[in-house]
Undergrad: 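Structure incoming, see below.
Note that the numbering runs from 1 along the sequence shown for the chain. Every number for a ligand or one of its atoms is a count from 1 in the order of the listing.
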Amino acid sequence: MKVLKFGGSSVASSENIHKVINIVKQRAEKSKVTVVVSALGGITNLLLETGELACANNKFYKEKLKDIEERHLKVVRELIPISNQSSVLGTVKKMLNKLENILEGVFLINELSNKTADKIVSFGELFSSYIISEAMKNKDLDVSLKNTQELIFTDENFSNAAVKFKETNKEIRNFFKQNETKIVILPGFIASTKKGETSTLGRGGSDYTAAIITAAANAEILEIWTDVSGMYTANPKFVRQAFPIKNISYQEAMELSHFGAKVIYPPTIQPVLEKEIPIVIKNTFNPEEDGTLITKISSNKNPIKGITHIENMTLITLEGSGMIGIPGFSKRLFDALSQEKINVSLITQASSEHSICIAIDNIDAEKAKLIIDTEFVYEIEQRKVKPLLVEKNNAIIALVGDRMKSHQGISGKMFSTLGKNNVNIRAIAQGASEKNISAVIAHKDVKKALNTLHSTFFENQIKQLNLFVVGVGNVGSKLLDQIKSQQQYLIDNLKIQVRIIAITNSRKMLFNEDGIDLNNWNTPLENAESLNMDLFHTKIIELNYRNSIFVDNTANENIASLYADYLKESVAVVTCNKIACSSNYSNYLNLKKLSREYNAPFLYETNVGAGLPIIDTLKNLIASGDKVIEIQAVLSGSLNFIFNNFNAENSFYEVVKQAGIEGFTEPDPRIDLSGVDVMRKILILARESGLKLELDDIKNNSFLPKTSLDANSVEDFMNTLKKETTHFNKIREKAATNNCRLKYVAQLNNGNAKVSLEEIAPNHPFYNLEGSDNIVLFFTDRYRQQPLIIKGAGAGADVTASGLFADIIRIGNN
Ligand code: ADP
Ligand code: ASP
Ligand code: MG
């Protein structure tokens with residue numbers, strides 16, 4: 001005989017029940033089949049809520065009851081042919097009347113004991129098993145219905161009763177000995193006491209029912225049919241990359257389910273384990289998939305089988321110097337908890353015995369505080385122990401595997417993975433059997449922790465980078481193009497998956513948790529919600545993805561002011577916006593400090609020389625112990641373009657105008673021509689060299705005439721350039737007579753920085769600088785005579801985007 005158990009989602013609707021019937025029919029062709037069914041998905045909760053409403057004297061319970069009625073009647077109408085419907089509808093309605101009477105009683109006396117609640121919820125499984133058996137009969141299957149309450153007997157611990165195995169096993173064996181139908185349907189979850197009162201086996205208990213039947217009847221296999229294709233390496237609802245475990249041992253399955261993998265209810269395995277009957281977890285909606293086979297020994301060699309978690313945990317800590325060396329503290333603590341039936345999920349005690357830390361369910365938090373503070377009232381008064389510390393909203397996360405004990409370094413890897421991703425670990429427990437290592441973390445970190453651990457222990461080490469991109473103008477859109485064409489290469493060669501989770505322009509912001517399709521983002525962005533940078537921040541923090549990167553492609557001061565808020569949340573910042581690094585020194589320093597403290601990279605290579613590796617080179621020199629003596633550089637692609645094209649034929653005014661048209665200057669050319677842009681760049685290089693400089697400390701001998709410097713608008717400014725033709729021509733002619741070319745040069749020497757227009761002689765490395773190229777000469781301790789030179793295209797959207805991309809990949813490679 002085979003035992004098949006179908007969970008709530010498998011029998012949630014007539015459509016699903018059809019699938020169940022097909023599976024049962026196919027199985028029944030080969031052997032006898034016992035089918036254990038849960039209540040229709042969601043009904044157990046609805047029944048409990050209805051009971052609670054009635055108990056609270058809330059008439060709304062009747063509406064809920066109506067919902068329950070409707071759901072069942074609908075399923076009957078859809079499953080049973082009209083000719084046979086009336087008798088089935090009649091029986092269901094009779095049962096509904098009974099339920100209504102009980103609820104009315106609860107409403108009148110305002111009392112809902114566990115015993116009555118069990119009576120109420122039992123209807124869920126009674127309805128489902130009856131309806132499904134009738135549906136099968138109508139398909140001409142050889143089927144009978146048996147009420148499990150006549151087979152499984154328990155104590156009187158209503159809502160979570162303990163099974164009396166002797167009587168139960170005997171009754172089950174007797175029943176199957178005389179049963180003749182091919183298929184037997186049984187309601188799961190429900191049982192009865194010696195007195196014949198209804199009891200239940202605890203939430204999720206239908207699995208247990210099936211296991212009890214399997215073991216007692218010595219069935220060949222127990223099949224648990226659910227809505228996922230087996231026991232996964234982690235809850236698939238949290239970890240997209242999780243996959244079904246092919247084979248797992250009873251012990252491992254027990255640990256996994258105990259720690260939250262609710263595919264099977266924890267005690268389920270015990271009865272089948274003793275008889276070594278295999279269990280298989282299958283998907284009702286994908287029956288052809290293998291699922292998970294649970295056996296005595298697993299053939300799977302991976303020391304870790306899965307990662308699980310339990311939410312809604314409270315950490316309670318009893319602490320005090322008075323506990324040291326005095327026996328009996330833990331006993332009193334645990335006795336107090338057990339008297340109140342508070343379940344303990346995890347315990348850790350410091351070897352100093354100074355404190356004991358315990359994880360319990362959130363619902364028990366207040367109760368625990370009260371009873372423990374009462375228990376230790378004397379010691380608290382004497383200041384030997386502190387009042388119980390209660391911290392709610394935590395979660396336990398656990399690695400599970402039989403073979404962990406023979407592998408070293410697993411816990412180290414687990415904790416360093418969590419640490420690197422800034423998941424704070426509150427408590428740790430590892431059983432001596434080393435079948436699981438558990439840690440208590442904040443609830444908000446669960447998703448991130450599961451995903452990073454999963455990627456460390458189960459994935460082919462593909463590192464996922466999650467990008468939040470602000471600004472999709474010239475540079476931003478080029479960056480998206482480059483990422484698009486390189487995505488597959490990065491996965492194949494660097495094992496880095498780059499996902500764009502959000503993009504914004506100046507009006508809108510678009511989020512897609514699965515990653516934005518880079519072939520089609522323009523229209524979705526236009527149709528997306530309005531830009532709100534506060535909301536943008538909140539969403540990123542809520543998503544709490546590992547390796548989150550905030551990418552700033554703007555030149556906007558307000559955006560630059562947000563970096564600290566991201567770094568503080570361990571979100572990396574990559575930016576081509578120079579404003580933050582050239583703002584006041586304390587802000588620059590603070591960002592660097594936050595970056596270190598929160599393990600969040602802050603990269604801004606493109607602030608100087610676009611894609612040229614200038615800042616990175618400087619950082620490496622400094623990190624390896626070199627000292628900067630002098631820097632000479634041409635750092636403005638715009639000014640280089642302007643002075644390269646300024647000649648007798650083209651007036652200065654004409655050239656600046658042309659540079660603007662070709663996109664070589666900022667929309668406001670004053671930022672370039674005043675030298676501010678270059679000042680910012682040399683300031684950043686000075687700071688990276690270890691100097692504490694402010695923008696005001698940089699000398700700027702402007703080549704502009706006073707009238708241009710005083711201009712109030714771009715238009716005024718351009719007009720002054722036209723009027724001052726003689727001024728500019730004089731500068732040009734003087735250079736020509738000296739056989740020199742004009743370059744706008746930034747210098748750092750002896751701790752002093754300046755920017756100025758210089759006449760450059762033919763033998764100087766700057767003389768032949770073309771187009772909008774940049775060049776930097778680093779004179780350092782190691783490069784005293786011959787400087788280290790970096791030269792190349794230093795402006796333009798393409799090279800800037802590729803510089804940003806390189807920073808992003810740097811994070812991926814880290
Ligand atoms: P049923 O109603 O069939 O009894 P449950 O809801 O009790 O189903 O259990 C199945 C659910 O268990 C899945 O939908 C999934 O969300 C959850 N789950 C948690 N951890 C795991 C895991 N490691 N593998 C598979 N499912 C898991
Ligand atoms: N219907 C019960 C519950 O929801 C039992 C089960 O489905 O296993 O807890
Ligand atoms: Mg279940």
Undergrad: Pull out every atom of ligand 2 sitting under 4.0 Å from any heavy atom of R203, numbered as shown with elements.
TA: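 Atoms satisfying the 4.0 Å criterion: 3 (C), 4 (O), 9 (O).
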Undergrad: Rounded to the nearest 0.5 Å, how far apart are OG1 of T295 and CD of E252?
TA: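 It comes to 9.0 Å.
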Undergrad: Within a radius of less than 6.0 Å around NZ of K392, do more than 12 heavy atoms belonging to other residues, nucleotides or ligands occur?
TA: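 Buried by this count: over 12 neighbours within 6.0 Å.
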Undergrad: Please confirm whether G7 approaches ligand 2 to less than 4.0 Å, judged on its heavy atoms.
TA: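 For ligand 2, residue contact (heavy atoms, under 4.0 Å) with G7 is absent.
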Undergrad: Numbering the atoms of ligand 2 from 1, which are under 4.0 Å from a heavy atom of S38?
TA: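 Checking each atom against S38, I get 6 (C), 7 (O), 8 (O).
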Undergrad: Which word best sums up how the rings of F127 and H72 line up, parallel for under 30°, tilted for 30 to 60°, or perpendicular for over 60°?
TA: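 Correct class here is tilted.
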Undergrad: Does G204 come within less than 4.0 Å of ligand 2, judged by its heavy atoms?
TA: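 True for this residue.
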Undergrad: Is there a side-chain contact between K305 and M231, using heavy atoms and a 4.5 Å cut-off?
TA: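 Not in contact.
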Undergrad: Within the structure provided, determine whether Y130 and L126 are in side-chain contact (heavy-atom separation under 4.5 Å).
TA: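 Not in contact.
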Undergrad: Using the ring of each side chain (for Trp, its six-membered ring), is W225 parallel, tilted or perpendicular to F6, with breaks at 30° and 60°?
TA: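 Rings of W225 and F6: parallel, under 30°.
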Undergrad: Do V184 and F176 have side-chain heavy atoms sitting under 4.5 Å apart?
TA: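 Yes, their side chains come closer than 4.5 Å.
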Undergrad: Polar-atom distance check: G8 versus ligand 2, any N or O pair below 3.5 Å?
TA: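 No; the residue has no nitrogen or oxygen that sits under 3.5 Å from a nitrogen or oxygen of the ligand.
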Undergrad: Let me know which protein residues bring a heavy atom to under 4.0 Å of ligand 1; chain then number is fine for ordering.
TA: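 For ligand 1, the residues that come within the 4.0 Å heavy-atom cutoff are K5, G7, G8, S9, T226, D227, V228, G230, M231, Y232, A234, N235, P236, K237, G260, A261, K262, V263.
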Undergrad: Step by step, work out the side chain to side chain donor-acceptor pair (under 3.5 Å) result for T456 and T417.
TA: CA-CA 7 Å; T456 299; T417 302; 3.3 Å; yes
Undergrad: State, with a plain yes or no, whether a side-chain heavy atom of R203 is found less than 4.5 Å away from one of N45.
TA: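 R203 reaches N45 side chain to side chain.
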Undergrad: Check each atom of ligand 2 against the heavy atoms of E125 and keep those under 4.0 Å away; list them by number with element.
TA: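 Contacts of ligand 2 toward E125, numbered from 1: 1 (N), 2 (C), 5 (C).
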